[in-house]
2 protein chains.
Amino acid sequence: MSPTKEDYLKILFELGGRTEQVPNKEIANRLSISPPTVTEMMNSLVKAGWVVYTPYKGSKLTHEGTDYAKKLIRKHRLWEVFLVKHLGFNINAVHPEAELLEHSTSTELADKLEAYLDFPEYCPHGGAISVDMMEEQEVKTVHLTEAAVGEPVRISRIVDEDKLLQYFENHDLKIGDRVKVMDRDASLDLITLHHGTTEKEIQISQTIAQYLFVEYL
Amino acid sequence: MSPTKEDYLKILFELGGRTEQVPNKEIANRLSISPPTVTEMMNSLVKAGWVVYTPYKGSKLTHEGTDYAKKLIRKHRLWEVFLVKHLGFNINAVHPEAELLEHSTSTELADKLEAYLDFPEYCPHGGAISVDMMEEQEVKTVHLTEAAVGEPVRISRIVDEDKLLQYFENHDLKIGDRVKVMDRDASLDLITLHHGTTEKEIQISQTIAQYLFVEYL
DNA sequence: ATTATTATTTAGGTTACCCTAAAAATAAAT
DNA sequence: ATTTATTTTTAGGGTAACCTAAATAATAAT
């Protein structure tokens, strides 16, 4: 498996390809490549048994594809823990580093690293590390865009894209913070939040809020 | 720079390309690829300024190429220290792991890792880690095949190829051991050693002995 | 000084992964 | 129910990194 193919599987998983069909365009956007390249790659992933592809509809991961993606994500998150906890990296800087390392990590290395880190449950962005907990976390957790208005929730995970992390940090939002959705305006693409600690009102784009996950308390 | 190109630079350095012209065949053998591929790659490395190539003669690293190779080797050795000292890898198992990791290691990561490891001087195979010490070590150190008969020496470095390490372990030779060359027979390709600790006589192939470096005491 | 051997290069081909432009299919809007 | 807009695919191309087979250059051996 090439790092390139691994990236496709991981993105597919992150876009919900375990349970739903992911359209090519979303993958193209996320990886910053052209749509024809995605079509081509999907056919190759189908041939290798990682993906089920319905032309003009989108792709779903097979069982094997899902497992593979989860293992990659586990490696990614283990490295993030190491980089932050032991090497003193800033939490916003670890994503690109882990993105590279994950492709160069054998199962044996991941296992030894995990033991060395004392079996951490979550990565610095709140993502579950054990492949079994990944699905569990998915069930308990909901996109901020779907959280009920007025209900207090806790920020449990932030999709670890460099620029997104910066965006949320700029708006004083981080893992563990308690917030309450005050208003959601679809036409203006705006969500207004009440921050539990600072007691301030925060406004963020609804589109971007998709990358923020919260847990009901 | 692709991992592939990085591998060529590193091999070139290891084969003495800093000071001498390395013929294509040696590179082809070491990387297990065909000679035409080496020719092609050398032209590409020349164009990028890493290598000076004399057709039918061989390749030398430019100053930039040497620096690049040294940095890669530093990363490789830092990972080896981490894998052995912290993750508990067997010394003979770390080479392939480090081989992958080195290509996914930013300078920032290498620097932080080095500090975390408390600035080790040598990798588990005895190779110097600081890019400045690499040349120094080269000067003080001589191939076992060139050590004077009867002179006591200390094994200072073993080229870290998986199979070679196994070979030397099978013959009870490891970093730090004191040995004395008793006899060298070019026609039989045999070197006879006296082991300082076990007081035993050891015979190894002269061809393979090239990958063993010793330091005069 | 030829001849034989070995090393290197040229020529031509393959696969992986990327692209743009144009055609076709699907979805949305009137 | 058409038209319009969007998404996807097909067609045709490019580069990187590999290959084999054949030609050429360099080296070694007679």
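Chain letters run A, B, ... following the sequence lines, proteins first, then strands; residues in each count from 1.
Atom CE of A/Met42 and atom P of D/dT9 are 10 Å apart (whole Å). Taking atom OH on B/Tyr56 and atom C1' on D/dA25, their separation rounds to 5 Å, with Å as the unit. B/Asp7 places its CG atom 17 Å from the P atom of D/dA16, with the value rounded to the nearest Å. Note: CG (B/Asn24) to C1' (D/dA26) measures 13 Å, nearest angstrom.
The cationic atom of B/Lys140 (NZ for Lys, CZ for Arg) does not lie both less than 6.0 Å from the six-membered ring centre of B/Tyr216 and within 45° of the ring axis. Relative to the six-membered ring of B/Phe89, A/Lys112 meets both conditions, a distance below 6.0 Å and an angle of at most 45° to the axis.
At a threshold of 4.0 angstrom between heavy atoms, the contacts of A/Ser44 with the nucleic acid are absent.
Along DNA chain C, the stretch of nucleotides lying under 4.0 Å from any heavy atom of chain B spans, 5' to 3', C/dA7 to C/dT10.
Contacts between residues 33-40 of chain A and DNA chain C, defined by a heavy-atom separation under 4.0 Å, are made by A/Ile33, A/Ser34, A/Pro36, A/Thr37, A/Glu40.
Using a 4.0 Å cut-off between charged side-chain N and carboxylate O, A/Glu102 and A/Arg74 make no salt bridge.
Atom OH of A/Tyr53 sits about 16.0 Å away from atom OG1 of A/Thr62, to the nearest 0.5 Å. Distance check, rounded to the nearest 0.5 Å: CD1 of B/Ile158 to CD1 of B/Ile175 gives 4.5 Å.
Taking the salt bridge (Lys or Arg N to Asp or Glu O under 4.0 Å) definition, one finds that B/Arg18 meets it with B/Glu135, B/Glu138, sequence neighbours left out.
The aromatic ring centroids of B/Phe82 and A/Phe82 lie less than 6.0 Å from each other.
Put simply, the side chain of A/Ser59 does not reach to within 4.5 Å of the side chain of A/Gln21, judged on heavy atoms. Here the side chains of A/His103 and A/Met1 are not in contact, with every heavy-atom distance at 4.5 Å or above.
Taking 4.0 angstrom as the limit, B/Thr4 places none of its side-chain polar atoms (N or O) nearer than this to OP1 or OP2 of D/dA16. Not one side-chain nitrogen or oxygen of A/Lys57 sits closer than 4.0 Å to the OP1 or OP2 atom of D/dT9. Between B/Tyr8 and the phosphate of D/dA16, there is no side-chain N or O to OP1/OP2 separation shorter than 4.0 Å.
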